*Asks:* 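Here it is, the structure in full.
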Amino acid sequence: LSLWMFWPSFNGALAEGSQQHRVVVNTVLALSNSCIGAFLMSKLLRHDKKLNMVDIQNATLAGGVAVGSSADLVIGPWGALTVGFIAGE
């Protein structure tokens, strides 16, 4: 929960002006899609076909870190979703 609340502001701390809004949106999109990717891969690849919350937590962190370096760039929402999904796998 703390990653969802504080990671967007952490990524946007150094951005200026209208870039802060872009950083927050891109970070939330990447976090969301990294979780979706982790849910899919956890369900498909685990031999017992059960979700593992450790996978979800690690994917959330990976999604935030992966988009952190490019969140203020003009990557667009599709770029943030792509980065998040790849990081979540």
Side-chain angles (χ1 to χ4, degrees):
L1 183 61
S2 63
L3 283 176
W4 285 90
M5 292 178 60
F6 299 117
W7 203 271
S9 63
F10 174 74
N11 277 350
L14 297 177
E16 297 176 356
S18 64
Q19 285 182 341
Q20 287 183 334
H21 300 289
R22 188 179 322 127
V23 170
V24 169
V25 170
N26 285 342
T27 304
V28 169
L29 288 174
L31 290 173
S32 301
N33 226 22
S34 66
C35 287
I36 291 170
F39 275 115
L40 290 173
M41 292 299 136
S42 182
K43 187 75 170 173
L44 291 174
L45 298 178
R46 289 209 167 264
H47 64 277
D48 55 358
K49 303 294 183 199
K50 293 184 179 179
L51 298 175
N52 188 354
M53 284 309 295
V54 174
D55 294 341
I56 309 305
Q57 292 167 348
N58 287 335
T60 304
L61 180 60
V65 169
V67 80
S69 62
S70 62
D72 63 337
L73 301 176
V74 185
I75 59 172
W78 61 270
L81 290 170
T82 304
V83 168
F85 189 79
I86 291 171
E89 293 179 358

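Worth saying up front: this structure is predicted, and the values here are computed from it rather than measured. For the numbers below, each heavy atom of this structure counts, side chains included, while hydrogens, waters and symmetry mates do not.
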*Asks:* D55 and A38: which non-hydrogen atoms are nearest, and at how many Å?
*Replies:* O-CB, 4.0 Å
*Asks:* If only atom types and distance count, is the side chain of Q20 paired as donor or acceptor with the main-chain N or O of A15 below 3.5 Å?
*Replies:* yes
*Asks:* How would you list, by chain and number, every residue that makes a side-chain contact (heavy atoms from CB on, under 4.5 Å) with V83, sequence neighbours excluded?
*Replies:* A66, V67
*Asks:* Taking V23 as the starting point, is it possible to reach L14 by hopping between hydrophobic residues whose side chains are less than 4.5 Å apart?
*Replies:* no
*Asks:* Report yes or no: does K43 contribute a side-chain atom to a donor-acceptor pair with the main-chain N or O of K50 at less than 3.5 Å?
*Replies:* no
*Asks:* Please report the interatomic distance OG1(T60) to CH2(W4), rounded to the nearest 0.5 Å.
*Replies:* 6.0 Å
*Asks:* Give, for atom OG of S34 and atom CD1 of I86, the distance between the pair rounded to the nearest 0.5 Å.
*Replies:* 12.0 Å
*Asks:* Could you state the interatomic distance from CG (N52) to CZ (F39), rounded to the nearest 0.5 Å?
*Replies:* 10.5 Å
*Asks:* Taking atom CG of L3 and atom CG of L31, what is their separation to the nearest 0.5 Å?
*Replies:* 7.0 Å
*Asks:* CD/E89 to OG/S42 distance, rounded to the nearest 0.5 angstrom?
*Replies:* 12.5 Å
*Asks:* Calculate, to the nearest 0.5 Å, the distance between atoms CH2 and CG belonging to W78 and N33 respectively.
*Replies:* 13.5 Å
*Asks:* Would F10 end up clustered with V65 when hydrophobic side chains under 4.5 Å apart are linked, directly or stepwise?
*Replies:* yes
